[in-house]
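Notes to accompany the following structure.
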Amino acid sequence: LVMFLLRAGTTLLLLLLGSPRSFSVDYQHDCFRKDGERFRYISGSIHYNRIPRVYWKDRLLKMYMAGLNAIQTHGEVGQTHVSYLCLFILLGGNVTAAFEAQRYAEPRGPLVNSEFYTGWLDNWGSPHAEVPTAVVAKSLNEILAMGANVNMYMFIGGTNFGYWNGANAPYKPQPTSYDYDAPLTEAGDLTKKYFAIQEVIKEYRKIPEGPILPSTPKYAYGAVVMKKLLTISDALDKLSFSGPVNSTNPLTFIELNQAFGYVLYRTTLPVNCTKPTPLSSPLNEVHDRAYVSVDGVSAGILERSKVIAINVTGNAGSQLDVLVENMGRINYGKDINDSKGLLSTLYLGTLPLTGWTMYSLSIDEAVSQGLLGDKEATPTDAPQPVALSPPTFYSGSFIIPDGIPDLPQDTYIKLPKWRKGQVWINGFNLGRYWPSRGPQVTLFVPANILSTAAPNNVTVLELEKAPCSAGPCTVEFTADPILNGPVYSDHKQRRRLFSKEDLL
């Protein structure tokens, strides 16, 4: 595999895996030269941080067997360097016209398409992106027929584990899966698109001989019963390692030295609100989602660019908690400096709220160190609205069965009727779930985080409401991914929150 640095604006990194003797651009003959010989790269993008290290070799070998002679991954160098070699062609476009545009800007040199899209990313609340295999194969064939160099973005997308998803502008966060409808799935499985690309490449270069590594096996470990632990508010002493910070006005995540995750903002109601009174962020400066409660009772959710006001009730002096979630940063363009938290104070009616106490939450550390314990919470008599409950932790465990060879295997976790939150397995932060918004329903669980020697611990932070009122909560481990589930617009989502199902 050959890797070479080539990217406009950011960086395209291709690292030579062979002896790095020479690599140059031949403008006279409109080509690259490697070790003096004419060279045309056929590359695919892979982001190593989105793939467990134990699977790097598997994914790279599959890319090699498809016929690629280069790979691309992200890196950084100084500055917009070999930008004239880069060209972006959207699928289904006129390939000839696109390369003519490159020739207008750069009359000589190799033709390059550094981001040929094999698929596209998803956003919460939008349908799963799919690009037809026939369109990909046709466009790739046209590119290679012109003698051009090409990088397929992505060849495998992988997973935005933990908090590492990004967001588009105007603000639309991306889900945990970065499957991308790529030739290799999120879990590295072979697809029809993979073999179609291989068939096209065969027409232009000799591909390696021998068997292709198969898709990794998946195992359905079944349902796991979950028990309720503590709410965020009840667990503050275990979650906030740095302790409270006081300020007249709320501070941002960065000012609190909190890069990702969650911060709890706390103040009191300054006046009696016997009638529903608007709690609002008039300037839309809740970044990105805030779970509001008064005296431990859920009051509603504020959401960036979608819900800037909710009604609350309470007495003067009632405790107002606002748990703010960083849903992922915009990672390109003019909005790339995407601050998180409460960027300005909230208003109760026309009154600005002051006197805030803030808690940076180290939830990953608390989960991995077992600080939440495993004692089931005592049922509370405090009344809760039907639609929402305070953000709460749940835990469960499962044992991988004896006598079955080749376990553990990859799996997927599904959270039937759960709303939105975060999942950890054996202390590893899998990522966000949000099946009530869609389209992603299952989260990929790589085998390397599972144990056959001890029970596997599952921790869930449910931010909205767990499905426990009619019986025990369960999560389910399945062998089949669901990335194209139903999606709900804001209107449909509001209707669903108050459906008959939630009243049971």
Side-chain angles (χ1 to χ4, degrees), residues 1-18 20 23-26 30-35 37-51 56-75 77 81-91 95 98-99 102 109-120 131 136-137 139-158 178 180-184 188 191 193-208 212:
L1 297 177
V2 180
M3 306 162 93
F4 173 70
L5 186 65
L6 188 65
R7 171 101 191 218
T10 56
T11 305
L12 181 83
L13 180 62
L14 291 91
L15 299 173
L16 296 175
L17 297 185
F23 196 93
S24 61
V25 178
D26 184 341
D30 300 331
C31 69
F32 293 113
R33 292 200 177 272
K34 177 178 177 291
D35 300 333
E37 299 294 325
R38 180 185 288 266
F39 176 78
R40 189 253 291 273
Y41 70 76
I42 304 174
S43 171
S45 290
I46 178 173
H47 295 163
Y48 55 86
N49 56 302
R50 288 189 168 109
I51 298 168
W56 289 357
K57 182 178 180 179
D58 174 89
R59 307 319 189 236
L60 290 172
L61 283 173
K62 287 172 180 172
M63 295 172 76
Y64 176 71
M65 295 303 293
L68 306 185
N69 63 356
I71 61 170
Q72 178 265 336
T73 190
H74 283 297
V77 294
H81 43 286
V82 286
S83 61
Y84 53 84
L85 293 175
C86 295
L87 178 67
F88 300 89
I89 300 178
L90 292 175
L91 286 175
V95 172
F99 281 121
Q102 182 186 355
L111 294 174
V112 170
N113 177 5
S114 52
E115 286 197 1
F116 169 61
Y117 301 124
T118 63
W120 197 246
V131 177
V136 174
S139 298
L140 178 62
N141 185 60
E142 292 174 1
I143 291 169
L144 296 181
M146 295 187 69
N149 300 265
V150 63
N151 175 64
M152 286 170 270
Y153 189 100
M154 298 289 299
F155 205 88
I156 175 171
Y178 200 71
Y180 215 86
D181 194 34
L184 293 173
T191 68
K193 192 174 290 185
Y194 174 95
F195 291 106
I197 286 172
Q198 184 188 56
E199 287 300 313
V200 172
I201 295 174
K202 279 182 182 178
E203 300 297 318
Y204 297 94
R205 69 180 300 263
K206 181 177 174 58
I207 69 171
I212 301 171

Query - Parallel, tilted or perpendicular, as decided by the 30° and 60° cut-offs, for the rings of W120 and Y180 - result: tilted
Report task. Before giving the answer on side chain to side chain contact (heavy atoms under 4.5 Å, CB included), spell out for L184 and M63 the whole-Å C-alpha distance, their side-chain angles and the decisive distance to 0.1 Å. Result -> CA-CA 9 Å; L184 293 173; M63 295 172 76; 4.2 Å; yes
Query raised in the report: Do any N or O atoms from the side chain of Q102 and from the backbone of L111 form a donor-acceptor pair under 3.5 angstrom?
Result: no
Query raised in the report: What is the minimum heavy-atom distance between F23 and F39, and which atoms define it?
Result: CE1-CD2, 3.7 Å
Query raised in the report: What distance do L60 atom CG and I51 atom CD1 have between them, rounded to the nearest 0.5 Å?
Result: 7.5 Å
Report task. Report yes if the distance between the aromatic ring centroids of F32 and Y41 is under 6.0 Å, otherwise no. Result -> yes
Requested in this report: For the pair K34 and E37, find out whether any cationic side-chain nitrogen is under 4.0 Å from an anionic carboxylate oxygen.
Outcome: no
**Report entry** Separation of N113 CG from I143 CD1 (nearest 0.5 Å)
**Finding:** 4.5 Å
Report summary line: Minimal heavy-atom distance between V95 and S139, with the atoms involved, is CG2-O, 4.3 Å
Query raised in the report: With sequence neighbours excluded, what pairs up with Y204 under the side chain to side chain contact (heavy atoms under 4.5 Å, CB included) test?
Result: R40, N141, L144, A145, V200
Requested in this report: Check side chain to side chain contact (heavy atoms under 4.5 Å, CB included) between D26 and all other residues, then give those that pass, not counting sequence neighbours.
Outcome: Q28, H29, C31, R33
Query raised in the report: Roughly how far apart are F116 CZ and M154 CE, rounded to 0.5 Å?
Result: 14.5 Å
Report summary line: Nearest heavy-atom contact between V25 and P110 is CG1-CD, 3.6 Å
Query raised in the report: Could you give the distance from CZ (R59) to CD1 (I156), rounded to the nearest 0.5 Å?
Result: 4.5 Å
Query raised in the report: Which distance, rounded to the nearest 0.5 Å, do you find between the CG of L68 and the CZ of R205?
Result: 8.0 Å
Query raised in the report: Just checking, any donor-acceptor pair under 3.5 angstrom between side chains of T118 and D181?
Result: no
Report task. Say whether, by atom type as modelled, one donor and one acceptor occur between the side chain of Y178 and the main chain of H47 under 3.5 angstrom. Result -> no
Query - Closest contact, heavy atoms only, S43 versus N151 - result: OG-OD1, 2.7 Å
Query raised in the report: Counting N and O atoms only, with roles assigned by atom type, does the side chain of S45 sit under 3.5 Å from a partner on the main chain of F155, one being a donor and the other an acceptor?
Result: no
Query raised in the report: Which heavy-atom pair separates K62 from Y194 by the least distance, and what is that distance?
Result: O-OH, 2.6 Å
Query raised in the report: Counting distance only, does the side-chain N/O of K193 pair as donor-acceptor with the main-chain N or O of A182 below 3.5 Å?
Result: no
Report task. Give a yes or no answer on whether the side chain of Q198 reaches the backbone of G67 with a donor-acceptor pair at less than 3.5 Å. Result -> no
